[in-house]
Amino acid sequence: FKQKTAYEIKECDWSSDVCSSDLSMKSWIALLATTVLALPALAQDRTRLQVYSTLEVENINDFKKAFESDNRDIEIVWRRDATGIVTAKILAEQGAQRGDAIWGLAVTSTMLLKARGLLEPYAPKNVEALKPSFRDPSDPPSYTGMEGWVAAICYNTVEAQKLGLTKPTSWFDLLDPKFKGRITMPHPASSGTGYFHVSAWIQTFGEAKAWDFMDKLHENIAFYAHSGSQPCKQAASGEFALGISAETSAADARTKGAPIEGLVMKEGGGWEMDTFAILKGTKNLAAAQRLMDFAASRKANELYATFVSQVAMPGIASNIPNYPPGVAESMIKNDFAWASENRARIIAEWTRRYEGKAAPKRN
């Protein structure tokens, strides 16, 4: 502690209550001024990591706070956007990117980036403690899984009752003409959620039947949003009766008081896994590796469990309020490698058929 008189400040030892040295007021003021002037330089010494993410703003703010509290010499600067936009930016940069790392991008996109040689392989310190299904099988891995999100319909019970709409139990129930103009869904070229729906329908129904299903569904779609959570938010506001989205968005909307019921369909649904990875060419490799270590840690997985049910580390319980029942059972046996390899072909065909109802893109 410091004992102050009218003319001096004395530094004192707590254990002995003896003041060991005296500083004149003039010396103290000089020392304080020097320290204040040094603060901007200390702030500039922090390594600034440019990190791509597609996750919700409130979640990545929690990630930033947790990581920086353990790594005070590193600052995360987020570059957040929808899945398709982030993927396209990294592909366009081709190794000359402004970014350093990824923390929250769909595995079908990171697998594509890996195939293009745009990721820096690295095995996080805790990687062996994660579920094998959440790890890139390469040694060392080019990316690591963190959590997964699952297909669901956000069903506005109040609006549906007003419109006389029956609660769907099958994807094919959405083809009923009563739903015309009452449904929105994510655009698969922009949104990882949108793509996993399309990919899952093809894997589950087969190519011919899936495209026939989507042709008929298109007739009832109002428009395709450029965000995976937007259709659920629109259903929650009552703008549309149904939003094809994800189970976490349904739970979040209901928790916030919206009359939303999260529904999973009897045929099952698609799902996607978020990943983290280092971008090849980063000038901040050591800092990016520390980010990877943290992203694989128990502390990080406990953060993931606050907004998703399926996380990479075994034994971490998720108690998300209003989480829809039957989600785990509804998850199809998803072939991520096939989905990634066929992504460009599927999106090109989807765009040819349905782009006319795409929502305008923001500038």
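Throughout, numbering of the chain's residues begins at 1 and tracks the sequence.
Considering D274, V51, L118, I90 in turn, I90 is the only one that fulfils the side-chain contact (heavy atoms from CB on, under 4.5 Å) rule with I102.
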List the steps and the verdict of side chain to side chain contact (heavy atoms under 4.5 Å, CB included) for M185 and L174. CA-CA 12 Å; M185 76 167 280; L174 301 185; over 6 Å; no
From CA spacing to verdict: salt bridge (Lys or Arg N to Asp or Glu O under 4.0 Å), E349, R353: CA-CA 6 Å; E349 179 62 18; R353 292 174 183 245; 2.6 Å; yes
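Aromatic ring pairs are classed by plane angle as parallel below 30°, tilted from 30° to 60° and perpendicular above 60°; the pair W103 and F67 is perpendicular. Taking the six-membered ring where tryptophan is involved, the planes of H226 and H187 are essentially parallel, since the angle between them stays under 30° and well short of 60°. The aromatic rings of Y224 and H218 lie parallel to each other, their planes meeting at an angle below 30°, with 60° marking the opposite boundary.
Remark: the Y304 side chain and the N59 side chain contain no N/O donor-acceptor pair separated by less than 3.5 Å.
The residues E272 and R343 are annotated as not salt-bridged, no charged nitrogen and carboxylate oxygen being separated by less than 4.0 angstrom. Under a 4.0 Å N-O distance rule, the pair E267/K209 does not qualify as a salt bridge. A salt bridge is defined here as a Lys NZ or Arg NE, NH1 or NH2 lying under 4.0 Å from an Asp or Glu carboxylate O, and E302 with R298 meets this definition.
Side-chain rings of F276 and F294 stay apart, their centers remaining 6.0 Å or farther from each other. Checked against a 6.0 Å centroid threshold, the rings of W171 and F213 do not count as neighbours. No close placement of the W350 and H197 rings is indicated, their centers lying 6.0 Å or farther apart.
The two residues T108 and F336 come nearest to each other via the heavy atoms CG2-O, 4.1 Å.
Connection of L49 to V86 is not established within any shared hydrophobic cluster, with ILVMFWY side chains joined at heavy-atom distances below 4.5 Å, either directly or through further cluster members.
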